[in-house]
Structures are given as structure tokens and as C-alpha cells.
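So the structure is just underneath, and the comments pick up after that.
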There are 2 protein chains.
Amino acid sequence: MAAAIADPVRRQILVMLRGGRLSAGQIAGRFPISRPAVSRHLRVLRQSGLVRDELVGRQRLYELDAGRFTELAAWLAPFLQPSDWEHRLDALETEVYRTRRERRAADQTKENTA
Amino acid sequence: MAAAIADPVRRQILVMLRGGRLSAGQIAGRFPISRPAVSRHLRVLRQSGLVRDELVGRQRLYELDAGRFTELAAWLAPFLQPSDWEHRLDALETEVYRTRRERRAADQTKENTA
DNA sequence: AGAAAGGGTAACCTATTGGTTACGCGTTTG
DNA sequence: CAAACGCGTAACCAATAGGTTACCCTTTCT
């Protein structure tokens with residue numbers, strides 16, 4: 001799976017898919033290489049599990065599979081320093097951190113009820 | 001740099017180095033492949049910047065270079081879901097999170113003083 | 001039904017990679 | 001100072017990866 005992100009074209013594809021689902025043709029159209037070449041990159045990504053595909057009519061739509069990225073992050077995490085995590089925390093302060101506290105509070109309530 | 005972690009031997013080496021500095025010979029000794037083969041993997045890791053080396057007498061000691069892992073994490077982060085970060089937060093609750101809050105408090109104090 | 005569109009697979013070629021053995025060079029040791 | 005140690009590099013070889021063109025299947029349009 002780590003080998004899947006080794007190739008620059010495949011990394012590009014992953015970044016593109018962050019913007020939403022794309023068909024094979026749309027993806028291939030954005031690269032200077034031939035369509036079959038892109039098709040094989042897509043196969044590698046599929047087999048690595050980083051990407052999922054669905055057939056819709058005569059086209060095949062691709063989208064990210066978030067689960068696998070979590071595995072990558074899990075492997076990477078032990079190499080990171082605490083300060084790295086702090087930066088992430090800063091970035092997500094308003095997003096995650098608050099909702100997290102809110103759910104905490106909710107859980108507290110439940111515990112008291114139970 | 002992403003290509004550096006594509007190879008399983010190199011990933012193994014990185015994991016080994018998490019335990020501290022190791023000489024080239026110590027690293028090579030833990031693999032079934034020949035020493036020159038390992039030596040070239042080490043060169044790839046060196047050139048990728050994930051690893052630093054220092055010559056000590058007639059041996060060459062290797063250690064992780066944390067900075068590059070941060071870059072990897074930065075690339076990976078946009079692919080992760082908020083829930084992933086929450087898990088990390090749980091794992092680091094006592095480590096980072098508390099000291100973070102403590103420093104926050106300290107900064108607050110400074111602001112009031114200034 | 002036939003033509004066109006979307007897209008994967010096969011066969012093929014070249015460049016890269018990862019392994020091996022042979023070798024060279026600086027550092028330690030007897 | 002010579003022998004031994006630690007380790008990188010060079011030359012070579014087989015396997016893999018990534019590109020290309022040619023081909024085939026399925027779905028849509030007329």
C-alpha cells in the first residue's frame with residue numbers, strides 16, 4: 001500500500017480525487033501520458049485499497065477510500081514528534097476539538113443517567 | 001521522498017531506527033540480504049532526507065531525521081477524516097494535550113502582563 | 001442494428017530497481 | 001607497519017515498473 005503512493009502520477013490522482021468523484025476519462029485527460037497508462041495506475045490504486053470504483057453506465061467513477069489512509073497515518077504516527085501533533089491540533093481547533101468536547105459532555109450526561 | 005518508504009526493507013530500517021542510532025553493520029546484520037544491498041538502501045534513505053548519518057571512527061551511525069516525516073504527515077493530513085485525528089488525540093491525551101493547555105495558560109499570563 | 005464512446009487488458013519495449021560478488025579506502029589493533 | 005575491521009562503490013544481472021500501440025467488451029445514441 002505504501003508502494004502505491006510512491007509514484008508521482010498516482011499521488012496526483014489521489015489529490016485530484018480529493019475534489020470528489022471522477023471518471024477514468026476525466027482523470028486520464030489531465031495527464032500527458034496515454035489513457036491505458038493511467039488505467040493501470042488506477043488499477044494499482046484500486047488494489048492498494050486507497051481508491052474505490054463504481055460502474056455507472058459506461059463509465060467508471062473513482063473515489064477515495066478514507067479507511068486506508070488511516071492505516072498509513074497509523075504507520076507514520078510513531079515517527080512524528082509531539083510538536084507535529086500540536087500543529088494539527090491548531091489547524092483543527094474549531095473543527096474537531098469543539099465537537100469533541102461537546103460529545104464528551106454528552107457522554108458525561110449519559111453516564112450520570114445510567 | 002515518498003518513494004523511499006515504498007520498499008519494505010527501507011521501512012523496516014526506519015522502524016529499527018526508532019529505537020535509537022544504529023551503525024550500518026548493525027542494521028545489515030538484521031537482514032538476510034547482503035551488506036552492500038543494505039548499504040544502498042541506506043543511501044536511498046539518506047538522499048531522501050529521512051535519515052541522517054555521522055561517521056564515528058570506522059563506523060557510520062544512522063538516525064532518523066524527524067523533519068522529513070513531518071512533511072510526509074503534512075501531505076497525508078488532507079486525506080484523513082476528523083475522526084482519525086480524534087484517535088490520535090486520545091492516544092496523546094496525557095502527553096501533549098495537557099502540556100499544551102499548560103503553555104496556553106502561561107501565554108495568557110504573559111499577555112496580561114504585557 | 002450499427003456506429004461511437006468509455007475504459008479495461010494484452011503484448012511489447014525500455015528504464016529502474018534490488019540483488020550479488022569483487023574491490024577500494026580509511027580506521028583501529030596487535 | 002601490517003593485518004583486520006567497517007562500510008561504501010562499481011560492475012553486472014534478473015525482475016519489476018511504467019510507457020506505448022493494438023484490441024475487445026459494454027453501454028449509449030441515431
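What you see is a predicted model; the values in this text were computed from it and never measured.
Between B:Leu22 and B:Arg30 there is a side-chain heavy-atom pair separated by less than 4.5 Å.
For A:Asp53 and C:dG7, the CG to P distance is 12 Å, given to the nearest whole Å. Atom P of nucleotide C:dG7 and atom CZ of A:Arg21 are separated by 13 Å, given to the nearest angstrom. Atom CG of A:Leu61 is separated from atom C1' of C:dG6 by 11 Å (rounded to the nearest Å). Spacing between atom CZ of B:Arg60 and atom C1' of D:dC5 amounts to 15 Å, rounded to whole angstrom units. In this structure, CZ of B:Arg11 is placed 15 Å from C1' of C:dG18, rounded to the nearest angstrom. Atom-to-atom, CG of B:Leu45 to P of C:dG18 comes out at 11 Å; the value is rounded to the nearest Å. Between B:Leu55 atom CG and C:dG26 atom P there is a gap of 12 Å when expressed in whole angstrom units. Atom CD1 of B:Ile13 is separated from atom P of D:dC7 by 13 Å (rounded to the nearest Å).
When atom types are taken as modelled, the side chain of B:Gln26 and the backbone of B:Ser23 share a donor-acceptor pair closer than 3.5 angstrom. Looking only at distances, a side-chain donor or acceptor of B:Arg11 sits under 3.5 Å from a matching main-chain atom of B:Ile5. Side-chain N or O atoms of A:Arg52 include one that pairs as donor or acceptor with a backbone N or O of A:Leu64 at under 3.5 Å.
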Check: protein-nucleotides 13-21 of chain D nitrogen or oxygen pairs below 3.5 Å:
unit_1	atom_1	unit_2	atom_2	d
D:dG18	OP1	A:Asp7	OD2	3.2
D:dG18	OP2	A:Arg10	NH1	3.4
D:dG18	N7	A:Arg40	NH2	3.0
D:dG19	OP2	A:His41	NE2	2.5
D:dG19	N7	A:Arg40	NH2	2.6
D:dG19	O6	A:Arg40	NH1	3.0
D:dG19	O6	A:Arg40	NH2	3.4
D:dT20	OP2	A:Ser34	N	2.7
D:dT20	OP2	A:Ser34	OG	2.6

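Expressed to the nearest 0.5 Å, how far CD of A:Gln12 lies from CZ of A:Phe31 amounts to 5.0 Å. Taken from CG in B:Asp65 to CG in B:Leu17, the straight-line distance is 11.5 Å, to the nearest 0.5 Å.
Closest to the side chain of B:Arg46, out of D:dG8, C:dG8, D:dC7, is D:dG8.
Residue side chain B:Arg58 reaches the base of D:dC5 through a donor-acceptor N/O pair under 3.5 Å, judged by distance alone.
For B:Ser23, a side-chain nitrogen or oxygen approaches OP1 or OP2 of D:dC7 to under 4.0 Å. The side chain of B:Arg43 places no N or O atom within less than 4.0 Å of a non-bridging phosphate oxygen (OP1 or OP2) of D:dG8. At least one side-chain nitrogen or oxygen of B:Tyr62 sits closer than 4.0 Å to the OP1 or OP2 atom of D:dG8.
Cation-pi contact between A:Arg18 and B:Phe79: present, with separation from the ring centre below 6.0 Å and deviation from the ring axis of at most 45°.
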